[in-house]
Amino acid sequence: MKIKQRIEELVQILDKANYEYYVLDNPTITDQEFDKYLRELEQLENDYPQYKLAGSPTQRVGGEVIDKFNKITHSIPMLSLPDVFNEQEIIDFDNRIKKAGFTPEYVCELKIDGLSGSFHYHDGLLITGATRGNGVIGEDITHNVKTIKSLPLKLQKNIADIEVRGEIYLSKQTLKDLNEQRKANNLPLLQNCRNAAAGSIRQLDSKIAAERNLDCWIYHLPNPEDFGIKTHVEALNFMKDLGLKVNPANRLVKDIQGILDYIAEFSTKRSELPYDIDGVVIKVNNLDMQKKLGFTAKHPRWAIAYKFPAEEVLTKLTDIIFTVGRTGKITPNAVLEPVILMGSTIRRATLHNEDYVNEKQLKIKDIVAIRKAGDVIPEVVEAKFDRRNGDEIAFKMIDECPICHTKLIKKENQVDYYCPNEECPARNIEKLIHYCSRKAMNIEGLGEKIIEDFFNLHFINDITDIYDLNKHQKDLMELEGYGKKSIENILNAIEQSKKNSLEKVLFGLGIEGIGEKTALILAKKYKTIDNLMNMNVEDLQQQKDIGPILAINIYNYFQDAKNVNLVNKLKEIGVNFNYLGQQEQYNEFITNKKFVITGSISDMSRDEIEKIISDFGGQASSSVTNATDIVIVGDKPGSKYDKALKLNKEIWNQTKLKEVLSQINNG
Ligand code: IVH
């Protein structure tokens, strides 16, 4: 037989086998046969690369390695859904739609606990895969997506252009297998299916993703009108017919009762499913209705996500220990008998402060209920008083620092205790951890454990020492447990971090009251650290987002010579202290325009509108002046409206605003 023909035949056999095994869950050939054909194809492609077909199943094994994730702009934003938590909120959703004049049917789907992905096919071939990212710009994960065996490299029909979206996930069994392997190799265990899936898809080396056996359910067709499709059910069937994996649990229901029955059914079946779900997604079936209902800034109005209630488990509170934060704040923590909750093992939970423990009347050795909802960190709900047997030990707040033994202080009218010792090692370690953390300087590799080690070995005593680590490269490489490569990576990451934009280092300095968001506001406003340092309290307070306490904190921070020295030293080292600007998105109506909003806008808060304006490079200000370009006028506008008329400014009513927003949402 001709080589080219044989290659085509093998591709066909393997594609069919893949589809039957991974999409239909109904294999017709054995694994051995599959491997035999795959090896034959690999050999032929190797010997006759001129005949290798695009979308060949040999690409599945992984091997492509990238050096960084490129950005991909979603032509239609990938929105998330509003969460609802009870029956009433589902009824409210249904009523809102009926009030808009519709009699909807709904599609109920399982809410898969993974991460959403967008997949583009060109001439029937998978060409790109992307993460959701911030909804508008995601990351190119094509190399890893190609290892997802249930996602066809080639569609069963040749369509010029199509994008489909779905949830990339990891099955419960795969997580179990992976963790068994990791345990045997002394590696930290993966906490749950979603984290494991997210971690796997963000690997530069696709071999790792391939080993993780990722899977994917497809649930969304962003451009149904391109294919003359009228309902979501049709869209699902259409995608299924292309060979995509569409969940058979999806169900068309006529009314609220249908939705509630579906939720009840899958609340019970949830634990038996081979993958994790965290709720049920409810979508209006009719696409014309969907279109008319439209979007808010964040969510479609035609769908909601019902989240299952938080799970609770009982365990023993074996001890209460105290940790010291970077500001010196003392936090009591519950040490728990390890217990599995929603897929992760819980050993600790914060108890916040003395009052919190006393209000809950917690005692050491109590049986306590622990709760966790989705991403939320676990919390101690209550002690089970009826389970007490007299052995419990009353909680007592400490009066000296557990690390440096300095007497603790309590600030007036505050519940928290603080260690006032600036030199307290615990505080210093926490400061370093904060400085290197992802949201601050994002020095990959310098995590908690390593910082603690380096601190204890006196390689790092304060922030500036981080930048001297390269002088100890040789010593570090000789440390037990640290490979040459990992030290090199850390040193590279440190060097890279010098180029961060101002907001990262500003947040990293740990000035009281400057969180991630405030740091960005300040960086945008003042552009350089010098500008910020030169402000007095009054100047600072002029800024709409800076209250009096924060203004004083910032001012005081830069009055302290120690802090000014730190900034100067970091500057000498080469750390950037200028705002580099975020990658703003362009919109012809918003970018570079100055807006004023007056009156209330239905369905949207002022913050939401201002966020969109700033995301698109516009500016929102509070008073109408000659410089104003556009005035957005809602219900009951104030005098700003009169002023806008007087100055002959462009006025947007709510309809115009929503038109612009829906244009953004629809790409
Ligand atoms: S529909 C506009 N369907 O849940 C359509 N989402 O906030 C948006 N998810 O970001 C998505 N299962 O990551 C949809 N059957 C399903 C889903 C699903 C899981 C995720 C998705 C989305 C989030 C909702």
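Computed over heavy atoms, backbone and side chain alike; hydrogens, waters and symmetry mates excluded. One-based numbering, in listed order, for ligands and for the atoms of each.
By the ring-ring contact (aromatic ring centres under 6.0 Å, His included) test, Phe34 is found to be paired with no residue, residues two or more places apart in sequence or in another chain being considered.
Side-chain atoms of Asn285 and Lys283 include no donor-acceptor pair closer than 3.5 Å.
Sorted by chain and number, the residues within 4.0 Å of ligand 1 by heavy atom are Leu79, Ser80, Leu81, Glu109, Leu110, Lys111, Ile112, Ser116, Glu167, Tyr219, Val281, Lys283, Pro300, Trp302.
No donor-acceptor pair closer than 3.5 Å links the side chain of His232 to the backbone N or O of Val284.
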Next on the checklist: Applying ring pair (Phe, Tyr, Trp, His ring centres under 6.0 Å) to Phe85 and Tyr306, what does each step give before you reach the verdict?
Outcome noted: CA-CA 6 Å; Phe85 297 93; Tyr306 167 80; 7.9 Å; no

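The only member of Ile601, Thr296, Asn653 that meets side-chain contact (heavy atoms from CB on, under 4.5 Å) when paired with Lys658 is Ile601.
Aromatic ring centroids of Tyr106 and Tyr262 lie 6.0 Å or more apart.
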